[in-house]
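Everything numeric here is computed off the predicted structure, so don't read it as measured data.
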Amino acid sequence: MRIVTWVSRGRKLEEYVYPDSNGAEITALASHNGKLIAFTENSTYLIGDDFMQPQPLSVGIGCTAPKSIQSLRDGSLVWLSSDGVYSLS
């Protein structure tokens, strides 16, 4: 995880949390079974209640098309990655 803080004249303006330790931008967010899932282009993370300890669900599988994320009737979550469609049960 990486935290970026914007400061101006000694005053903290904003703070951004990047779940990816390399600072990859979040490409999509989704709710799944009461949990927040964050996607970068190449990774998938479970975001905990405190937002400070993201857990990697998959390194190498991300989401390249945020509008592709869908919840199915069986409770699974599907999305488009750079090399195909993936599902999380």
Side-chain angles (χ1 to χ4, degrees):
M1 178 184 66
R2 182 175 170 199
I3 299 174
V4 176
T5 304
W6 290 89
V7 178
S8 176
R9 297 182 185 173
R11 193 175 113 209
K12 183 164 93 170
L13 299 176
E14 294 190 34
E15 197 165 74
Y16 298 93
V17 176
Y18 293 88
D20 184 284
S21 60
N22 294 320
E25 290 186 21
I26 293 173
T27 57
L29 294 170
S31 175
H32 179 63
N33 293 332
K35 304 289 184 186
L36 180 62
I37 308 296
F39 298 89
T40 67
E41 283 192 14
N42 299 307
S43 300
T44 306
Y45 297 89
L46 174 65
I47 307 297
D49 293 336
D50 64 359
F51 287 84
M52 298 305 288
Q53 302 267 342
Q55 299 172 3
L57 295 177
S58 174
V59 176
I61 299 171
C63 179
T64 55
K67 292 182 179 180
S68 70
I69 300 172
Q70 298 293 315
S71 294
L72 302 181
R73 289 183 189 164
D74 68 359
S76 60
L77 187 72
V78 295
W79 68 93
L80 182 64
S81 188
S82 60
D83 62 346
V85 175
Y86 286 88
S87 172
L88 178 65
S89 298

Requested in this report: Verify the cluster assignment for L80 and F39: are they in a single hydrophobic cluster under the rule of side-chain heavy atoms below 4.5 Å apart?
Outcome: no

Would you say L57 ends up clustered with L36 if hydrophobic residues are merged whenever their side chains have heavy atoms under 4.5 Å apart, either directly or through other cluster members? no

CD1 of I61 to CD of E41, rounded to nearest 0.5 Å, is 14.5 Å

In short, I69 meets L29 closest at the heavy-atom pair CD1-O, 4.5 Å

(message) Is any side-chain heavy atom of I47 closer than 4.5 Å to one of I37?
(response) no

Would you check if the side chain of S68 reaches a backbone N or O of W79 as a donor-acceptor pair within less than 3.5 Å?
-> no

Quiz prompt | Check against side-chain contact (heavy atoms from CB on, under 4.5 Å), T64 and T27 | solution = CA-CA 7 Å; T64 55; T27 57; over 6 Å; no

The reported gap from CG in N42 to OG in S58 (rounded to nearest 0.5 angstrom) is 9.5 Å

side-chain contact (heavy atoms from CB on, under 4.5 Å) assessment of T44 paired with Y86:
CA-CA 11 Å; T44 306; Y86 286 88; over 6 Å; no

Heavy-atom closest pair (A30 atom, L77 atom, distance to 0.1 Å) is CB-CD2, 4.1 Å

Contacts of D74 meeting side-chain hydrogen bond (donor to acceptor under 3.5 Å, both in side chains) (sequence neighbours excluded), chain-then-number -> S76

- Message: Go through it in stages, so that I can follow the logic: the residues are Y45 and I26, the test is side-chain contact (heavy atoms from CB on, under 4.5 Å), and I'd like the CA-CA distance, side-chain angles, deciding distance and then a yes or no.
- Response: CA-CA 10 Å; Y45 297 89; I26 293 173; over 6 Å; no

Tightest non-hydrogen contact, residues T40 and A24, listed as CG2-O, 3.9 Å

Correct closest heavy-atom pair for S43 and G60 would be OG-N, 4.1 Å

